[in-house]
Amino acid sequence: MHPGCPIEQVYLYTEPIDFRKAIDGLSVLVEQELGLSPFASALYVFTNRQRNKIKALYWHRNGFCLWQKRLERDKFAWPGEANALTQTCSLQEFGWLLEGFDLSKNKPHKTLIFEAVS
């Protein structure tokens, strides 16, 4: 995320999304489906069906920012609660999620070292 951008709340969208959605589609989802303001000091985080990619949407001063991470192996330990479209977490917990920690198991993903892309 952008340094100096104040994030007060992190919302993890519990259902997988169509990863073709970009800034416009995700900001409409936040506003219409979640009933939240996409302009708030919040980070809205989404995952795909395979749980190996995440997108994070936030507003910074004068425009939206969209950040994406793709795991080459493993999956994100994603929360899923019945009857809840989002689960909140702290920015620190979100950092742990990015590092591969399953907050219920406290075990990170393995570090991968590659020498070439193809």
Tell me whether [X] contacts the main-chain N or O of [Y] through its side chain, where contact means a donor paired with an acceptor under 3.5 Å.
X	Y	answer
K69	L98	yes
K55	I17	no
T88	Q9	no

Check ring pair (Phe, Tyr, Trp, His ring centres under 6.0 Å) between F76 and all other residues, then give those that pass, not counting sequence neighbours.
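Not a single residue meets the ring pair (Phe, Tyr, Trp, His ring centres under 6.0 Å) criterion with F76.
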
For W59, enumerate each residue passing the ring pair (Phe, Tyr, Trp, His ring centres under 6.0 Å) test, keeping only those at least two apart in sequence or located in another chain.
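W59: ring pair (Phe, Tyr, Trp, His ring centres under 6.0 Å) contacts with F39, F64.
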
Atom [atom1] in [X], atom [atom2] in [Y]: separation rounded to 0.5 Å?
X	Y	atom1	atom2	value
L57	K21	CG	NZ	12.0 Å
W67	L43	CH2	CG	9.0 Å
L26	Y13	CG	OH	10.0 Å

Working note: L85 + E33, criterion side-chain contact (heavy atoms from CB on, under 4.5 Å); need CA distance, chi angles, decisive distance, verdict.
CA-CA 9 Å; L85 286 177; E33 192 169 329; 4.1 Å; yes

Could you tell me which residues satisfy side chain to side chain contact (heavy atoms under 4.5 Å, CB included) with Q92, sequence neighbours excluded, listed by chain and number?
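Here the qualifying residues are S90, W96.
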
Apart from F114 itself, what residues make up its hydrophobic cluster when side-chain heavy atoms of I, L, V, M, F, W and Y under 4.5 Å apart count as a link, directly or indirectly?
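Grouped by the 4.5 Å side-chain rule, L112 form the rest of the cluster around F114.
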
Of all pairs that satisfy side-chain hydrogen bond (donor to acceptor under 3.5 Å, both in side chains), the ones with a partner from residues 38-48, not counting sequence neighbours:
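Listed by first then second residue: N48-Q50, N48-N52.
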
Which atom pair, heavy atoms only, marks the closest approach of Y11 to A42?
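Closest approach of Y11 to A42, heavy atoms only: CE1-CB, 3.9 Å.
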
Grouping I, L, V, M, F, W and Y whenever their side-chain heavy atoms are under 4.5 Å apart, do L34 and V28 come out in a common cluster?
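No: no chain of side-chain contacts under 4.5 Å links L34 to V28.
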
Output, in order, the C-alpha distance, side-chain angles, deciding distance and verdict of side-chain contact (heavy atoms from CB on, under 4.5 Å) for L97 and L12.
CA-CA 11 Å; L97 183 68; L12 304 176; 4.2 Å; yes

Please name all residues satisfying salt bridge (Lys or Arg N to Asp or Glu O under 4.0 Å) with R61, sequence neighbours left out, ordered by chain then number.
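Listed in chain order: nothing, the list is empty.
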
